[in-house]
There are 2 protein chains.
Amino acid sequence: MEEKKKDITIYDLAQELNISPSTVSRALNDHHSIGKKTKKAVKKLAKEWGYRPNTLASSLRTNRSNTIGIMVSWINRPFISSLISGIENAARESGLNVIISQSHDNSDLEKENLQALYDSRISALIVSLAMETIDYSHFDLFSDSSIPIVFVDRIPLMNDVTKVHINNFKAAFEATEHLIKQGCKRIAHFGGARHQSIYEDRMLGYVAALKRYNLVVDDSIIIHANYLSAEEGTRITEKVLSLDNPPDGIFCANDTSAVSAIQYAKQKGVKIPEELAIIGFNDDPICEIIDPPLSSVHHPAVEMGEAAVKQAVSMLNEEAPGEPTERVLLDTHVVVRASSKRK
Amino acid sequence: MEEKKKDITIYDLAQELNISPSTVSRALNDHHSIGKKTKKAVKKLAKEWGYRPNTLASSLRTNRSNTIGIMVSWINRPFISSLISGIENAARESGLNVIISQSHDNSDLEKENLQALYDSRISALIVSLAMETIDYSHFDLFSDSSIPIVFVDRIPLMNDVTKVHINNFKAAFEATEHLIKQGCKRIAHFGGARHQSIYEDRMLGYVAALKRYNLVVDDSIIIHANYLSAEEGTRITEKVLSLDNPPDGIFCANDTSAVSAIQYAKQKGVKIPEELAIIGFNDDPICEIIDPPLSSVHHPAVEMGEAAVKQAVSMLNEEAPGEPTERVLLDTHVVVRASSKRK
DNA sequence: AAGGCTTACGCAATCGATTGCGTCTTCTTT
DNA sequence: AAAGAAGACGCAATCGATTGCGTAAGCCTT
């Protein structure tokens, strides 16, 4: 009867119990200055009446929305969607809402949508940069208001920020090393936009591995694409395979291009992995679908999302806005499949 | 100097212009009772000072959060992530935020997280049901508060709700018909949980096609799985292929199981499509990766998301809570690839 | 020129929860 | 038993925007 249409508020509870709304509020928040019996009574009634706090009112008053904003390039990419899935899980366990936004790998859209996220008073921001983004000034909006920012995977080239990512250098080193140990002598590298540290690091790890094993580093088979798409992958593969001195192995900075490489090579009658061993990066689901199955570097997407939330939460709980920037490095491992297994 | 740390409010603008906050508010919202010059002046200053409305305050007052809630099974599935991508695009264009939640195909979690969405005062809800969900009473929370609900893809068996989906019957009919026209005489069907109408309809469309072409409907090769996973797909394929009278075609209700079917069949030396033609459903990216490429029913995920937002918005704009439930049917088409092309 | 309209704007309450400060009990201490 | 301390709770302002109602000024009509 009472709750015909209206939601229950602390005023309703207060009236019923003949106490003040302030007391109800404090009781529900376990404030120390409220008596035990009062707390019990309030909580009991709240449960009975199905009281649900109005988070809008609370957020307005406290200026904390208890919402995490996510800014990613494209939601519908295997890695990203798993990342988001991890974020959503962890956030909801911490009682936080998650609001998402896409940059479509476009800096302007990234900036615009960041404003929208800011306007909705998010408590913390988790970002994986747009491919294009080189300038990071549009994030000042958040740092100036001391809203925690956690960068994930595609992180900026700055030191004083919190980051959750993998050791791309090491992962790339290991992937390349794997190819070398399978007998490859001349390994090509398909990389992404070099201003994105993840791609730069993967290239550096690759180079380091070659040097470590005394192989020649040949720039003509190290190719970077701004968007390492399927089409680019095909184009690049065609390019390196038509060289006088084609590679006998390829380390691709993502699986999409690696799949293209496999498809193109198969079409040209190049035997995989005997004549050409291939390894990708991300361990997308397609790795197990393509024939031959694609070796890849496993990238813990869900865990990264969870770790990012963990960082954000701990930053929120710190009183000091002293920005104790942290850096979480997650483990990767090479998943060996038929595309690179020669022995 | 002035905006050292605080955001600009309508009070700041009002003070500067020597008018009242109410006038500022109305001016910004283009209220008719505000003079032209006043509006101009207010908007000009607002822009100059970078005023950004506090959506929390606004939402609290109006009880409309301008946020769309999404409830899906798993974010990291090709179809779902594309759906969300479409929703996000359309929502942001309409100035709406998007908050997401996953049910993990579990009714209890669905219910729990729906509460959380409700608590955050979403303006509208877009849902694709958890696989388990049979009882829809946990959605009453929203309908009772006349919060628009739009069901997408996995829709409930109710008539008085707004739905955006495809014609599963027709799509299944066409997929099956395609196999028949390729010469299949004995077509198996791998279906999902039958209490989900999408799977029931796909099965019915399949049966209708068989009947239309005078083929025998044999229950022993119509198999339903609660979760049509890769593992189930393998298991089912093994089952039907080991029959005395194995099928010469399979219509799978999703691509995941179809891929398993291809892999299992290949492994057993069954020739695709000559001895066994296969077609899936969803047109996931893996269709083009698997060898042979998998025919499938293209499912317009992004467009469905956009259509769902469109519905939600129009429901929000209607004054009358008379729930003019609508039903949006999107087009599908069969994408023929090598897994089923015999001619 | 006076009454009636329209236009343009301000007052103050409101949404629901939070919180600094003040007050009244009740318990403890000597 | 008196006084100080601690415990328990209420008052009222506050967060920022919205909105019903009221009022003053300007315009037109006859």
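Labels below follow one simple rule: chain letters A, B, ... track the order of the sequence lines, proteins then strands, and each chain is numbered from 1.
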Requested in this report: For nucleotides 16-21 of chain C, just jot down a letter per nucleotide in 5' to 3' order: B, S or -, based on protein non-hydrogen atoms under 4.0 Å.
Outcome: BBBBB-
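Partners of B/D119 according to the salt bridge (Lys or Arg N to Asp or Glu O under 4.0 Å) rule, which considers only residues two or more places apart in sequence or in another chain, are A/R52. Residues passing the side-chain hydrogen bond (donor to acceptor under 3.5 Å, both in side chains) test with A/K310: none are found, sequence neighbours excluded. The side-chain contact (heavy atoms from CB on, under 4.5 Å) check on A/R26 picks up A/S22, A/H31, A/S33, A/I34, with sequence neighbours excluded. Listed by chain and number, the residues in a salt bridge (Lys or Arg N to Asp or Glu O under 4.0 Å) with A/K43 are A/D30 (sequence neighbours excluded). Under the ring-ring contact (aromatic ring centres under 6.0 Å, His included) criterion, A/Y136 pairs with no residue at all, not counting sequence neighbours. For A/D140, the salt bridge (Lys or Arg N to Asp or Glu O under 4.0 Å) test picks out no residue, with sequence neighbours left out. With sequence neighbours excluded, no residue forms a ring-ring contact (aromatic ring centres under 6.0 Å, His included) with B/Y51. Residues satisfying the salt bridge (Lys or Arg N to Asp or Glu O under 4.0 Å) test with A/D12, not counting sequence neighbours, are none. Taking B/H138 as the reference, nothing meets the ring-ring contact (aromatic ring centres under 6.0 Å, His included) condition, with sequence neighbours excluded.
Terminal axes of the helix from C/dA1-D/dT30 to C/dT30-D/dA1 (five pairs each, C1' rotation axis) are separated by 40°, to the nearest 10°.
At a threshold of 4.0 angstrom between heavy atoms, the contacts of A/T38 are confined to the sugar-phosphate backbone, with no base atom among them.
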Nucleotide N/O of nucleotides 24-27 of chain D paired with protein N/O under 3.5 Å:
none

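Between A/E88 and B/S101, the closest heavy-atom pair is OE2-CA, 3.1 Å.
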